[in-house]
Number of protein chains: 2
Amino acid sequence: MGTEIDNKLHSKDIKPTAMRQLVLQVLTEQKTAISLPELERKFEKADKATLYRTLKTFEKHKLIHSIDDGSGTVKYALCQDTCECQPEDLHVHFLCAKCNQTFCLNDFPIPQINLPSSFSLESVNMVVKGVCSNCMI
Amino acid sequence: MGTEIDNKLHSKDIKPTAMRQLVLQVLTEQKTAISLPELERKFEKADKATLYRTLKTFEKHKLIHSIDDGSGTVKYALCQDTCECQPEDLHVHFLCAKCNQTFCLNDFPIPQINLPSSFSLESVNMVVKGVCSNCMI
DNA sequence: TCTAACTTTGCAACCCAGTTGCAACAACTT
DNA sequence: AAGTTGTTGCAACTGGGTTGCAAAGTTAGA
Ligand SMILES: [Mn+2]
Ligand SMILES: [Mn+2]
Ligand SMILES: [Zn+2]
Ligand SMILES: [Zn+2]
C-alpha cells in the first residue's frame, strides 16, 4: 500500500526513494511528533545523516514542520493537508513533562499579540508544558 | 559600588563570591538576555563550568530566569524585583532574527489558553521572532 | 588559633544533537 | 554507453551543555 505514501511525496515534489517512503510511513503512523534521535532508534539500520537529510527535505517541501519544544531535541510532525507553513497555519504545541511526547494542537491557533511597533513580527512559537492524558491517570 | 550587587545577592540568599559579583554586574548592565557562550566571551579569563554553575545558582535562587528562544543556546535575564518565577510572572520573549538578541517583554504576559481537559497545564513558553528596532532601520 | 567540614572554583573530560565533506552508488538524460 | 545529477553511507567534526575530581577558599567548632 505504498500508493498513498507515494502520492503524498509526489504531491510535495519529493522523489520517492525507499528511505523516504519508510520515513514518511513512520511519520504517518505517529500520533505525536518525533525527533531525529528517536527516528534513528526506529531504524536500527539506517544512517543518521540520511535520516537527517530526509527530514530536512521533507521540511523544505512543507510535508512536515519542525517543533522546538525546549526538550533539547527538535521534533517533527506531518503538516496538515491544508498547511502551507504560513503564520496562519501556526498552532500551539504541547509537551508532556512526564513522557516527553509532543502533540500538535492543530485546533489551537496561536493567539494574536500586539507588540510595540518597534518590533516587527515574523513568527511565533508557543509551547505549553504539562501532563498529557496518558500520563495523568 | 558593589553594594547594590551584594544586596541583591544577599536578598536572594546567594553568597557573594567575586565570580558571582562579576557575573551579576554583567547581567545588570545587559539590556538583552545573555547566553553562557556569550558570557564566556565577556570573561576571557573565567572558566566555562564556573560560569555555568553561577548561572544555575542564580536561576535556582530566582535571581535570573532562563529563556529557550529556539536559537540553539539558552539565554538568561534578570528577573524583575517582583518576580517569583510563577506562572503569572511569565512573559513573552522576542528574538530578533537579524541580531539574534533576545528581549524580555515584561509588559506582555502570555495570553491565557484553554486546553482540552485531557491536558493539564504547567507552564507556557512563548517566543516571538521578528526584527528588533535596532535592526529595522 | 588550629583544625575539620563545607563550599566554590578550575580543569579536563565527556555527552549528545546536529551538521558537513566526501566518495560510492543509483537514477535519469542524451 | 557515457555523462550528469541526485541520493546514500560513513566518518569526522562542532558547539552547547554537563559532570567528576581535586585544589583552593571559606566558615565554624574545639
Ligand atoms: Mn505541529
Ligand atoms: Mn524574560
Ligand atoms: Zn505524557
Ligand atoms: Zn535585532
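This is a predicted model, so every value here is computed, not measured. Residue numbering restarts at 1 for every chain, and letters A, B, ... go by the order of the sequence lines.
Expressed to the nearest 0.5 Å, how far CZ of B:Arg20 lies from OG1 of B:Thr54 amounts to 6.0 Å. Rounding to the nearest 0.5 Å gives a distance of 5.0 Å between CG of B:Leu22 and CZ of B:Phe43. The NE2 atom of B:His93 sits 7.5 Å away from atom CG of B:Leu105, with the distance rounded to the nearest 0.5 Å. Atoms CG and CG, from B:Leu78 and B:Leu27 in turn, are 5.5 Å apart once rounded to the nearest 0.5 Å.
Between the CD atom of A:Glu38 and the P atom of C:dC16 there is a distance of 15 Å, given to the nearest Å. Distance A:Gln21 CD to C:dA26 P: 16 Å, rounded to the nearest Å. Rounded to a whole Å, the CE atom of B:Met19 is 14 Å from the P atom of D:dT26. The nearest whole Å value for the distance from the CZ atom in A:Arg41 to the C1' atom in C:dA17 is 11 Å. The interatomic distance linking B:Leu39 (CG) with C:dT9 (C1') rounds to 15 Å, in whole Å. Atom CG of B:Leu55 is separated from atom C1' of D:dT18 by 13 Å (rounded to the nearest Å). Between B:Asp13 atom CG and C:dT8 atom P the separation is 12 Å, expressed in whole Å. The distance from atom CG of B:Leu36 to atom C1' of D:dT19 is 14 Å, rounded to the nearest whole Å.
Within 6.0 Å of the NE2 atom in A:His61, the count of heavy atoms belonging to other residues, nucleotides or ligands exceeds 12.
Among the protein residues, B:Lys56 comes within range of the sugar-phosphate backbone only, with heavy atoms under 4.0 Å from sugar or phosphate atoms but none that close to a base.
For the segment residues 43-53 of chain A, residues with any heavy atom less than 4.0 angstrom from an atom of DNA chain D are, sorted by number, A:Asp47, A:Ala49, A:Thr50, A:Arg53. Taking every heavy atom of residues 57-72 of chain B and every atom of DNA chain D, pairs under 4.0 Å involve B:Gly72, by number.
The two atoms that bring B:Gly70 and A:Asp68 nearest to each other are CA-OD2, 3.3 Å, heavy atoms only.
In terms of the salt bridge (Lys or Arg N to Asp or Glu O under 4.0 Å) criterion, residue partners of B:Asp81 (sequence neighbours excluded) are, by chain and number, B:Lys8. For the ring pair (Phe, Tyr, Trp, His ring centres under 6.0 Å) test, residues two or more places apart in sequence or in another chain that qualify with B:Phe119 are A:Phe94, A:Phe103.
A donor atom on one side chain and an acceptor atom on the other are not found under 3.5 Å apart for B:Gln21 and B:Gln25.
When atom types are taken as modelled, the side chain of A:Lys12 and the backbone of A:Lys62 share a donor-acceptor pair closer than 3.5 angstrom.
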Anything under 3.5 Å between a donor and an acceptor, one on a side chain of residues 30-42 of chain A, the other on a protein residue two or more places apart or in another chain? List them.
unit_1: A:Thr32; atom_1: OG1; unit_2: A:Gln101; atom_2: NE2; d: 3.1
unit_1: A:Ser35; atom_1: OG; unit_2: A:Glu38; atom_2: N; d: 3.2
unit_1: A:Ser35; atom_1: OG; unit_2: A:Glu38; atom_2: OE1; d: 3.4
unit_1: A:Glu38; atom_1: OE1; unit_2: A:Ser35; atom_2: N; d: 2.8

Pairs: protein N or O with nucleotides 4-6 of chain D N or O, under 3.5 Å:
unit_1: D:dG6; atom_1: O3'; unit_2: A:Lys15; atom_2: NZ; d: 3.4

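Contact check, A:Thr17 against D:dT8: a side-chain N or O comes under 4.0 Å of OP1 or OP2.
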